[in-house]
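Inspection log for the structure reproduced underneath, given as structure tokens.
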Amino acid sequence: MKTFTTIKEFLRFRKTIISKKLSLVPTMGDIHDGHKSLIDIAKKKSDLVVVSLFVNPIQFTSIDEYNSYPDTLKRDKDILVKQGVDILFCPNKKEIFPQEFNTSIVINKFISILEGSFRPGHMEGVATIVTKLFNITNPDLAIFGEKDFQQLTLIKSLCKDLNFPIKIISSKTVRDSNGLALSSRNNFLSREEKFQAHEIYKALMYGYEQIIKGEKVAENIVNLIKTRLDNFDLIKVEYVSIRNPKTFEELKIISEDFIILIAAFVGKTRLIDNIKYVEKL
Ligand code: PAF
């Protein structure tokens, strides 16, 4: 695996592989099976896979949250080699965001809803780093997980609006055997918290089943899910929202494709997840 820690070195190398189809898997490290599934897709669809590993300070909502993000570079490198990754791009913070850095990418529709409203600045932070990574690595494809569905939708919108000639590919959420969506944050959960965290996906499934059985009023489904999760003392729901997965518009009556999105604290750890129904792909 070729490893680049500076933009200059990476750009020099990039010129030598222009004839190759390159895919980008952006990560913040702490590589788990969810990332591995993104890498597997990237390998199938391109000649070369670049994984970027950068813990992006501007997408965290507090300095404590940023500082507590695990630094697992050595372990991650070993996993990425085993996974058959060709290139690792792991720049340092000062080079990506020098003191004079003064730009922010704002995707209007996403900054004030769900993740955007509960985590001020987060969506802009993601859009800004992803734009930078696209400009530096210049990939043909980029792969993102469906767990962060609002992020995925935002990135598709960003590519369209800013004319990035990059195909965005989404990858299904990877879950543990009890349905908990894999996330670096799961490492923060105690045994009991993890036990209760499994209820999040169960509640989503329950809501999904009620819609399939005929309940079409979104508010009723939202309330059913919230009420179910109220039984678990360590879970505090931030939002449950039912939207059209293509337009991301909130649905009042569910008569079409839908996605149920949730964010909840389990103890001090904030988790997000979703479940979706799409009739025609
Ligand atoms: O999903 C993530 O890990 C991050 O939000 C991303 C896309 C790597 C940007 O920092």
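Everything numeric here is computed off the predicted structure, so don't read it as measured data. We count ligands from 1, going down the list as the structure has it; atoms in each ligand are counted the same way.
- Ring planes of Tyr69 and Phe60: perpendicular class, angle over 60° (limits at 30 and 60°).
- A donor-acceptor contact closer than 3.5 angstrom links the side chains of Asp76 and Thr72.
- Residues Gln210 and Asn220 have side chains that never bring a donor and an acceptor to within less than 3.5 angstrom of each other.
- Ring planes of Phe10 and Phe89: tilted class, angle from 30 to 60°.
- With hydrogens and angles disregarded, no donor-acceptor distance shorter than 3.5 Å links the side chain of Asp47 to the backbone of Lys20.
- A salt bridge between Asp273 and Arg175 is present, with a side-chain N of the basic residue lying under 4.0 Å from a carboxylate O of the acidic one.
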Measure and list all N/O to N/O distances between ligand 1 and the protein that fall under 3.5 angstrom.
unit_1: ligand 1; atom_1: 1 (O); unit_2: Gln151; atom_2: NE2; d: 2.9
unit_1: ligand 1; atom_1: 5 (O); unit_2: Gln59; atom_2: NE2; d: 3.0
unit_1: ligand 1; atom_1: 5 (O); unit_2: Gln151; atom_2: OE1; d: 2.7
unit_1: ligand 1; atom_1: 10 (O); unit_2: Gln59; atom_2: OE1; d: 2.6

